[in-house]
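Note sheet for the following structure.
In listed order, ligands and their atoms are each counted from 1. Just the heavy atoms: all of them, side chains too, but no hydrogens, waters or symmetry mates, feed the values below.
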Amino acid sequence: MENGNVKREGFSSGMAVFFATLGSAVGLGNIWKFPYLTGKYGGGAFLLIYLLCIVFVGLPVMVSEFYIGRSTGKNAIGAFTRLKGPKSRWKYIGSAGILSTYLIMFFYSCVAGWVYSYAFKAVLGSFTGITAKTAESKFTGAIIGPLPPIIWQIVVMAVVSAILIAGVKKGIERITRILMPVLFVLIIVCDIRALTLPGAFEGLKFLFHMDFSQLTGVAILTALGLAFFKLSLGMGAMITYGSYFTKDNNMIGTSIRVALSDTLVSLLAGLAIFPAVFSFDMEPGAGPGLLFMTIPLVFSQIPFGSVLLVAFFVLTSIAATCAMISLVEVPVAYFTEEKGIPRTKSVVLNAAIIVAMGSLAALSADGKSILGGIRIFGKTFFDLFDFTSSNILLPLAGLLIAVFTGFFVKKDDVRTELTNQGKIKTGAIIDVYYFIIRYLTPALLLIVFLYYTGLTKILFNL
Ligand code: PFF
């Protein structure tokens with residue numbers, strides 16, 4: 001495909017589109033955030049709300065991002081200027097997206113580094129015979145640093161950069177196509193082991209019981225934010241990947257398949273974690289500690305646990321890596337296409353920015369870290385990057401994307417692109433999508449945005 005004077009790569013088939021997009025969606029969110037949030041906010045009841053958020057907010061925004069990306073064949077900012085002209089302010093949606101990807105990458109690369117270091121230690125067998133005390137000291141040792149977290153962050157960025165330098169087809173497509181099926185196999189191995197432990201049923205009950213009393217307003221907002229983060233929305237990742245889609249891809253079908261498979265991975269992760277945790281009477285709502293302390297402790301005590309631990313952290317590393325490549329691709333595509341910087345240079349430049357700024361996150365992740373005492377707006381660097389991107393910029397960009405596609409592009413253009421020039425029969429789906437994207441999605445995202453910016457307090461005294 002030719003755009004301006006830049007020769008563009010793209011994915012080569014529907015299968016490649018599916019695995020790459022799923023690779024972006026599946027990440028630390030499934031294995032770390034989803035299980036403990038589901039546990040914390042009422043199990044099955046939270047799950048139900050999460051699914052509704054996926055249907056009414058996640059899927060419509062995903063379809064819109066695919067539309068914007070594929071119809072223009074451009075990066076997150078270039079896509080808006082192609083649709084609306086170079087002077088249009090809509091391009092700032094793309095700028096906000098790029099800003100979010102950076103903020104997310106600063107802390108995400110740091111957590112990915114911890115995961116890599118755990119996979120490495122699991123291979124070396126360093127978790128054999130650990131106790132609650134040693135599990136904790138191993139975790140703090142890995143995150144306080146100063147050197148180990150930064151070194152591992154650099155390793156993560158080196159791996160991600162190597163994949164991206166290889167290109168869209170030879171890098172992103174080839175790697176996600178191999179690694180996503182491997183991830184499925186590994187997670188199912190972990191599930192089988194966890195579910196055959198004595199007392200596993202308690203873990204299942206914990207994950208699926210319907211406790212509506214925990215379902216507070218904050219729980220619902222959390223579900224909405226999680227759905228957004230999970231599907232990699234509001235940051236230009238899906239616009240950029242959409243621009244690499246094949247022209248015959250059924251984008252509504254792809255969105256549904258990706259959302260379903262991603263939710264399946266989250267559930268499978270919960271099924272691997274909670275039965276094991278309950279079988280050893282451990283604390284299920286332990287947050288980050290669940291992944292880095294409870295899991296090594298529990299797995300090191302069960303038969304075949306050391307193999308399982310390797311499998312578990314390798315699969316988590318795979319998830320984090322494939323998600324990260326989609327994040328870094330956003331500014332890389334922008335720099336190469338809009339600024340004319342060659343791809344390799346653009347990747348190296350972005351990796352350097354991420355390591356430099358990401359080290360602020362790596363050095364502030366724990367109260368005892370070197371920068372752990374510094375507060376900006378009451379938050380550490382680590383929390384500030386997470387909060388500003390996930391709770392403010394993503395819903396804001398999502399809201400604007402919904403309004404943009406709902407009101408500022410011709411419905412017929414959207415219909416033509418989504419039906420592949422009328423080749424796909426969609427029935428009433430496009431009209432339903434249109435209604436949701438115009439009214440429901442913006443309303444819900446506006447609530448999230450107002451809530452987290454504190455404006456609900458000022459405006460409605462809530
Ligand atoms: N979807 C990923 C996860 O759930 O971990 C996170 C993520 C990846 C967010 C890529 C944003 C993104 F662009």
Heavy-atom count around [X] [atom1] within 6.0 Å, excluding the residue itself: above 12?
X    : atom1 : answer
K170 : NZ    : no
F120 : CZ    : no
M210 : CE    : yes
R174 : CZ    : no

State whether the shortest distance between N or O atoms of [X] and N or O atoms of ligand 1 falls below 3.5 angstrom.
X    : answer
L327 : no
M235 : no
G29  : yes

(message) Contact between ligand 1 and Y108 is defined here as a heavy atom of the residue under 4.0 Å from a ligand atom; is it met?
(response)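 True for this residue.
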(request) Check whether any heavy atom of T101 sits under 4.0 Å from an atom of ligand 1. (result)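 Contact check T101 vs ligand 1: negative.
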Proximal atoms of ligand 1 relative to [X] (non-hydrogen, under 4.0 Å):
X    : value
L28  : 5 (O)
S24  : 1 (N), 2 (C), 8 (C), 10 (C)
A25  : 1 (N), 2 (C), 3 (C), 4 (O)
K230 : 1 (N), 3 (C), 4 (O)
S326 : 10 (C)

(message) Can you check which of S232, A237, S389 brings a heavy atom nearest to atom 10 (C) of ligand 1?
(response)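 Closest candidate by heavy-atom distance is S232.
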(request) Using only heavy-atom distances, determine whether the side chains of Y41 and T216 contain a donor-acceptor pair under 3.5 Å. (result)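 No donor-acceptor contact under 3.5 Å links the two side chains.
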(message) Looking only at protein heavy atoms, which one is nearest to atom 9 (C) of ligand 1, and what is the separation?
(response)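 Protein heavy atom at minimum distance: F229 O, 3.6 Å.
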(request) May I ask you to test the F80-T72 pair for a side-chain heavy-atom distance under 4.5 Å? (result) no
(message) Check for me whether the distance between the ring centres of Y50 and F34 falls short of 6.0 Å.
(response)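 Yes; F34 has its ring centre under 6.0 Å from that of Y50.
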(request) Measure from the ring center of Y241 to the ring center of F11 and say whether it is less than 6.0 Å. (result)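 Under 6.0 Å, so yes.
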